[in-house]
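Take a look at the structure below.
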Protein chains: 4
Amino acid sequence: MGAVKSKRMPRAVREQQMMDAAVRTFGQRGYQAASMDEIADLAGVSKPLVYLYLNSKEDLFTACIRREARALIEAVRGGVRPDDPADRRLWGGLRAFFTHTAQNPDGWAVLHRQARTHGEPFAAEAAAMRKEIVALVTQLIAVAAREAHRDPSLPDREVAGLAEALVGAAESLAAWANATPGVSAKEAAATLMNFAWAGLGGLMEGRAWSPAGGSAQAPAPVSASV
Amino acid sequence: MGAVKSKRMPRAVREQQMMDAAVRTFGQRGYQAASMDEIADLAGVSKPLVYLYLNSKEDLFTACIRREARALIEAVRGGVRPDDPADRRLWGGLRAFFTHTAQNPDGWAVLHRQARTHGEPFAAEAAAMRKEIVALVTQLIAVAAREAHRDPSLPDREVAGLAEALVGAAESLAAWANATPGVSAKEAAATLMNFAWAGLGGLMEGRAWSPAGGSAQAPAPVSASV
Amino acid sequence: MGAVKSKRMPRAVREQQMMDAAVRTFGQRGYQAASMDEIADLAGVSKPLVYLYLNSKEDLFTACIRREARALIEAVRGGVRPDDPADRRLWGGLRAFFTHTAQNPDGWAVLHRQARTHGEPFAAEAAAMRKEIVALVTQLIAVAAREAHRDPSLPDREVAGLAEALVGAAESLAAWANATPGVSAKEAAATLMNFAWAGLGGLMEGRAWSPAGGSAQAPAPVSASV
Amino acid sequence: MGAVKSKRMPRAVREQQMMDAAVRTFGQRGYQAASMDEIADLAGVSKPLVYLYLNSKEDLFTACIRREARALIEAVRGGVRPDDPADRRLWGGLRAFFTHTAQNPDGWAVLHRQARTHGEPFAAEAAAMRKEIVALVTQLIAVAAREAHRDPSLPDREVAGLAEALVGAAESLAAWANATPGVSAKEAAATLMNFAWAGLGGLMEGRAWSPAGGSAQAPAPVSASV
DNA sequence: TATGAATGAGGATTCATTCAT
DNA sequence: AATGAATGAATCCTCATTCAT
């Protein structure tokens, strides 16, 4: 048995317990390998109750994806200060992203790994979430280009590709940070910010990005002080 | 039935047929959803023969991962001209990467999506391959830093993070390029090269990377001439 | 939800509502396919209340069979005028039978189809009802034979067989009449009466039965004037 | 375990064994109450083999219905001598019908009871079979009417109803004969033939049908000499 | 009188895997 | 070199039924 049994609770509460268990199980085992038995057990309820409330394995998984997607997007949005300049907004979003994924590894696994791997309708659900994030980043880049008085601005497809690249880099670093002991969310964010803003070429020439204010001639790239 | 039946062929050939079928099936359906029945059928042989040659579903999947990993790494290695300067070497590797993944979508799906999603021992296998690529990139960056007379060079962990970010960006762009009609491997490579070398900040200031030679003051970022 | 909710009603009323819902559900879905959930829902009450009043699915089904059996038998009995001659009594019973089954298709399905198909103890319950009807018919035939001064009368087993045949024919025609658009209960009864009284041979020779009075040399068989 | 295990037999044989077991189980328990476990067990094979060969419970049931329907129809057809006069042809069909149903009670239960009770697509399958029989009988009656120089012949719908009634009477008598000890198929056929050909009215007047030749003034109705 | 919360038990179906030839 | 025949072990899901209020 998974959780301590405390019987007779209102539906809403039980549902959250079940989804917690489901996110954990799906995140660790994968969609197919996770069995409804295990989820019910971990949630401390019987299988029929899971079906009564969440309908089917598919629906349960979809519900998990949606819940975790909402949570992640809200976290990232909450990390972006609207009045900051473009680079600071990006920096805020990245920190929120790395913090959230570090604190919700199973939820992140569900979104990033499982949902995208197990075909429709899950992939579509995860893709929608990712598209929101990419759109957010795309807009950030576009605004930054405008703020930089860059004219003519970058072509749309170029910007889309850059946003894709940035998001992919973030996803990759999230896994790296979680797997590498001692790497904090802040440090991961700093590494990515350097990379994304100054580029390798810039870093080679000592042109790192600093949270203090835009691209600087600082002698060394920003590292998070752990 | 999948393939035309031509009985009695040497083992090595049959094995490749089976693995072709397996890669295709695993890549499209996923590890668990793929059934040995379907694979055998697609390979045009009976199930017992698959077991005779490949032993088990797990072994078969592992064999697929290894084969595809080898192929990808060799492709990337083959794209890097040892005598080029650092940025050109990176550029060559990226082009090879995008070309290979575009031409082997199922193999790439097996490596990038399925192997990493379905737990041990597959994740380890895929991780080893990825580590090789990251190591390659890491070394590229380190050499570049040295070539740039940058002293003291970037801290190791910083470099590791940058390599992770770069590889993640590449993975993300591979999916984007494959999903976006009209985006060639070359264009994807160019977008990433701009991003990675010049950074967003550099691009804002018009400092794009060009295949012609290092970081330049080119008025517009490189786009692949399709 | 099935019915409009109006809480707190006397037990007897609620019970009838539940049985109405049950007959409908059992009749349409069958005993096993009918779920207590659906019945409760259709009755507009919660499942525990169904159990409180009707005890179990088995008991509920049995109660339905009994209620519908009573109703059918009373209908048939009510259609038989005791002072009529034998053929007229039969005619009256048949008309009542066809009318009742046409008006209670679900109840008839429960009795004729479901109860007999789902083993003990239901089959016994339905058999008892049927036996009552067969007995009624048997007696009618026996009396008719006596009235016809037939001596020695038909052997008992012969009569039993004839009654079985007649009832079976009626059951079959009930389904036919309900399924064939435009066939009224009266017409079904007329067809059967012709068949049962005059026989095919009689009909071939133009010896049809007419409600007017016994076996006649009428040129054409009786058809119900719709 | 049901049957003695004799392993490794050709598919066609196994399939028949399975269908034998299925007919028996479906006939006795009913469609829903029959479990695939029980059927497999009775057939002496494992469940997966049943699924491998017969696909699903639904398909298995349908296959049973079809097989039994074919068998019954062929039996009845085989009992009708084409060169006999109409009444003799009917007599032959009835005898074949009662004989077949008496010898295949489970198959008959599947057709008459289970298939018609468990909704689509089974009911349609059984209905098709029954329609064939009814059509056969309908034609017999129509020809008889023509042979009797009856002009104008009976209206079509009248004939359809008569055929329905006759078939229903036969079905009912089949159950009665099987349930009443000592009633042979021949006797059941004789009882029905009397009823159908002479009618109750005819019987009252001593006008019974005899296999010897048409409607006669025989002093007593035909009884089968067991 | 009435119900929201909860479950034990069982059933259909699938799949990786092996045996005998 | 190759396969038709066969199965043990799970897994998803449903349902009649009860408990606590």
Side-chain angles (χ1 to χ4, degrees), chain A residues 5 7-11 13-15 32-40 44-60, chain B residues 5 7-11 13-14 32-40 44-60, chain C residues 5 7-11 13-14 32-40 44-61, chain D residues 5 7-15 32-40 44-60:
Chain A
K5 287 221 184 154
K7 300 220 168 178
R8 302 269 151 186
M9 10 218 318
R11 174 170 181 153
V13 177
R14 271 281 191 253
E15 266 185 20
Q32 313 236 28
S35 86
M36 293 299 271
D37 259 308
E38 190 179 355
I39 293 172
V45 297
S46 68
K47 240 187 318 176
L49 200 59
V50 179
Y51 278 91
L52 188 61
Y53 286 175
L54 283 108
N55 232 19
S56 72
K57 195 183 187 184
E58 200 172 312
D59 282 8
L60 173 54
Chain B
K5 282 211 189 170
K7 301 212 171 184
R8 305 267 153 187
M9 21 206 324
R11 171 160 183 159
V13 178
R14 272 278 193 255
Q32 312 239 25
S35 85
M36 294 299 271
D37 260 305
E38 189 178 358
I39 292 170
V45 297
S46 70
K47 247 189 311 177
L49 201 59
V50 179
Y51 278 88
L52 189 61
Y53 285 177
L54 274 324
N55 222 27
S56 72
K57 194 185 189 184
E58 201 173 312
D59 283 7
L60 173 55
Chain C
K5 282 213 189 167
K7 301 214 172 185
R8 305 268 153 185
M9 23 206 321
R11 171 160 183 161
V13 178
R14 272 279 193 252
Q32 311 239 25
S35 84
M36 294 298 271
D37 260 306
E38 189 179 358
I39 293 171
V45 297
S46 70
K47 248 188 311 177
L49 199 60
V50 179
Y51 278 88
L52 189 61
Y53 284 176
L54 274 323
N55 223 23
S56 72
K57 194 185 188 183
E58 202 173 309
D59 283 7
L60 172 55
F61 191 41
Chain D
K5 286 220 183 157
K7 301 221 170 178
R8 303 268 150 187
M9 7 217 321
R11 174 170 179 153
V13 178
R14 272 281 192 254
E15 266 185 19
Q32 312 236 28
S35 85
M36 294 298 270
D37 259 309
E38 190 179 356
I39 292 171
V45 296
S46 68
K47 242 187 315 176
L49 201 59
V50 179
Y51 278 90
L52 188 61
Y53 286 175
L54 284 112
N55 231 19
S56 72
K57 195 183 188 183
E58 198 173 314
D59 282 8
L60 173 55

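A, B, ... follow the sequence lines: proteins, then strands. Residue 1 opens every chain.
One atom, OH of B:Tyr51, and another, P of F:dA5, lie 19 Å apart when rounded to the nearest Å. Atom P of nucleotide F:dC12 and atom NZ of D:Lys47 are separated by 15 Å, given to the nearest angstrom. Between the OH atom of C:Tyr53 and the C1' atom of F:dT17 there is a distance of 18 Å, given to the nearest Å. Atom CD in A:Gln32 sits about 12 Å away from atom P in F:dT11, given to the nearest Å. Spacing between atom CG of B:Leu52 and atom P of E:dC19 amounts to 13 Å, rounded to whole angstrom units. In this structure, D:Lys57 atom NZ and E:dA12 atom P are separated by 4 Å, rounded to whole Å. A straight line from CG of A:Asn55 to C1' of F:dC15 spans 15 Å, rounded to a whole angstrom. Atom CG of A:Leu49 and atom P of F:dC12 are 17 Å apart (whole Å).
Look at F:dC15: its Watson-Crick or wobble partner, with both distances under 3.5 angstrom, is E:dG8. Checking F:dA20 for Watson-Crick or G-U wobble geometry (two distances, each under 3.5 Å) identifies E:dT3 as its partner.
Nearest-nucleotide assignment on DNA chain E puts the 5′-proximal partner with A:Pro10, out of B:Asp37 and A:Pro10. Along DNA chain E, the nucleotide closest to C:Ser46 and the one closest to B:Met36 are compared, and the more 5′ of them pairs with C:Ser46. If D:Ala12 and A:Ala33 are placed on DNA chain F by their nearest nucleotide, the residue sitting closer to the 5' end is D:Ala12.
In this structure, the nucleotide among E:dT14, F:dA2, E:dT3 sitting nearest to the side chain of B:Arg14 is F:dA2. When the nucleotides E:dC19, F:dG8, F:dC13 are ranked by their closest atom to the side chain of B:Pro48, E:dC19 comes out on top. Residue A:Arg8 has its side chain nearest to F:dA20 when only F:dG8, F:dA6, F:dA20 are considered.
Using a 4.0 Å heavy-atom cutoff across all strands shown, B:Arg11 reaches no nucleic acid atom at all. Looking at heavy-atom distances under 4.0 Å, A:Ala40 makes no contact with the nucleic acid at all.
Annotation for B:Arg11 and B:Leu52: closest pair NH2-O, 4.1 Å, computed over non-hydrogen atoms. The shortest heavy-atom contact between D:Tyr53 and D:Arg14 is CE1-CB, 3.8 Å.
Taken from CD in A:Glu15 to CE in A:Met9, the straight-line distance is 12.0 Å, to the nearest 0.5 Å. Separating the CD1 atom in B:Ile39 from the NZ atom in B:Lys47 is a distance of 11.0 Å, to the nearest 0.5 Å. Atom-to-atom distance recorded for A:Lys57:NZ and A:Met36:CE is 7.5 Å, nearest 0.5 angstrom.
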